[in-house]
Amino acid sequence: MQLHRLVQLLFGMRPLDRFLTLGIESSCDDTSVAVLEGPRTILSWNISSQTERHAAFGGVVPEYASRMHLEAILPLTREALAEAGVSDPAKELSLIAVTRGPGLMGSLLVGVMTAKAFAQAWNVPIVGVNHLEGHIFANVVDHEDLKFPFLCMVVSGGHTEIVLARASGDYQMLGATQDDAAGEAFDKVAKVLGLPYPGGPVIDRLAKQGSASAFHFPAVLPNIEGLNFSFSGLKTAAINQINHLRQKGDVPVEDFCASFQAAVVRNLITRLEQAVEQTGVRNVAISGGVAANSAFRDAVASHPGWNAFLPSKMFCTDNAVMVAAAGYAAFMRGERSDISMGPDPALDFGEDEVI
Ligand code: KG4
Ligand code: ZN
């Protein structure tokens with residue numbers, strides 16, 4: 001134990017139960033900083049989204065992303081600490097948790113280097129967090145009643161994975177996408193429809209005024225092994241249909257969005273049903289940007305026989321609260337990182353056992 005911490009504990013300068021984690025997330029295009037007390041009490045959190053900047057390009061431009069992280073990270077940290085009432089981080093913080101990967105190299109680099117600099121300057125322990133474990137912990141923060149084991153589907157612009165979370169730190173990857181992520185399919189189809197980036201929330205909104213049975217999409221999952229996914233076939237089928245409809249006239253956008261969204265949700269729910277059947281685990285959590293999709297949320301929440309756990313929409317997309325929570329859990333099970341930690345854009349996650 002560091003000397004000043006021992007002194008603090010001995011002289012009661014800091015209550016034993018006040019464990020503050022500074023969380024930092026910068027793996028893609030959101031910079032976010034949070035201060036968490038214990039496993040789930042949020043003292044402060046903020047986020048600087050780069051969506052508008054990237055929208056002009058129809059997707060994330062890595063070079064811009066890292067520059068914008070660099071501009072945002074110190075002001076956001078100052079703000080988060082101030083809002084949490086932390087005036088002397090060296091004395092008051094117990095841990096720094098930072099996303100180490102997977103993600104964009106330049107983006108991760110900003111978060112990891114900043115976190116390491118703080119850890120050195122303040123002499124506070126640091127732990128590197130896997131972004132996927134972070135998404136899983138978005139549910140742990142939001143649901144005190146969520147107990148291991150549970151299934152978690154992480155579904156975002158970069159991920160579509162089903163994980164069996166057996167215990168804190170014990171994860172089994174049951175299935176993953178073989179090509180595009182579900183969010184990527186939403187974004188690409190939206191782009192072809194002429195809708196703004198990111199397309200997922202726009203499709204979600206337009207789908208509310210459309211018919212989910214107006215268009216038919218081929219079933220792709222029977223051709224995909226195990227609990228894996230594929231969205232590139234569905235995406236291509238959708239784009240071909242759009243081009244075909246355009247040759248005949250206009251595309252009924254609301255109906256198209258509703259039907260496409262229903263096809264994506266059908267794929268996600270089918271795999272979750274199979275995962276429940278194969279593992280016998282009925283606690284089902286979702287996470288990631290696509291977990292904000294209303295049709296998907298409704299389908300999970302109303303599924304008979306499941307105990308469904310949905311993170312609030314603000315914690316579906318990338319945020320530092322989930323990173324702080326995952327970092328706290330990792331620290332509690334004895335994990336530590338040090339100054340040699342580097343970002344890892346392709347960081348592995350869980351025991352890879354597709355069933
Ligand atoms: O988790 P996230 O913020 O970043 C990544 O790690 O990718 O997820 C962003 C993705 C985008 O593809 C976006 O279109 C999708 O999540 N998304 C949605 C919705 N909100 C965000 N997709 C469908 N429906 C939504 N409501
Ligand atoms: Zn994410």
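All ligand and atom numbering here is 1-based and tracks the order in the structure. Below, each value reflects all heavy atoms present in this structure, side chains not excepted, and no hydrogens, waters or symmetry copies.
- Side-chain N/O atoms of S340 and D338 include a donor and acceptor closer than 3.5 Å.
- A ring pair (Phe, Tyr, Trp, His ring centres under 6.0 Å) check over residues 96-120, counting only residues at least two apart or in different chains, returns the pairs F118-W122.
- Using a 30° and 60° split on the angle between ring planes, F19 and F331 fall in the tilted class, from 30° to 60°.
- S94 places a side-chain N or O within 3.5 Å of a backbone atom of L20 that can act as its donor or acceptor partner.
- Nearest heavy-atom pair across C28 and H69 is O-NE2, 2.8 Å.
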Could you go through ligand 1 and list every pair where one of its N or O atoms sits under 3.5 Å from a protein N or O, giving the atom names and the distance to one decimal?
unit_1	atom_1	unit_2	atom_2	d
ligand 1	1 (O)	G289	N	3.0
ligand 1	1 (O)	D318	OD1	3.4
ligand 1	6 (O)	S156	OG	3.4
ligand 1	6 (O)	D318	OD2	3.4
ligand 1	7 (O)	G157	N	2.9
ligand 1	7 (O)	G158	N	3.3
ligand 1	12 (O)	G183	O	3.2
ligand 1	12 (O)	D187	OD1	3.4
ligand 1	12 (O)	D187	OD2	2.7
ligand 1	14 (O)	D187	OD1	2.6
ligand 1	14 (O)	G200	N	3.1
ligand 1	20 (N)	G289	O	3.4
ligand 1	24 (N)	G200	O	3.4
ligand 1	24 (N)	N293	ND2	3.0
ligand 1	26 (N)	D204	OD2	2.9

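- Applying the salt bridge (charged side-chain N to carboxylate O under 4.0 Å, His left out) test to every pair with at least one member in residues 229-247, sequence neighbours left out, gives these pairs: D180-K235.
- For the 3.5 Å distance criterion, the side chains of S312 and D142 qualify, holding a donor opposite an acceptor.
- Aromatic ring orientation, F256 versus F260: parallel (interplanar angle below 30°, classes split at 30° and 60°).
- Using cut-offs of 30° and 60° for the angle between ring planes, the F137 and F148 rings count as tilted.
- Listed by chain and number, H131 NE2, H135 NE2, D318 OD1 are the protein N/O/S atoms closer than 2.8 Å to the Zn ion (ligand 2), with waters left out.
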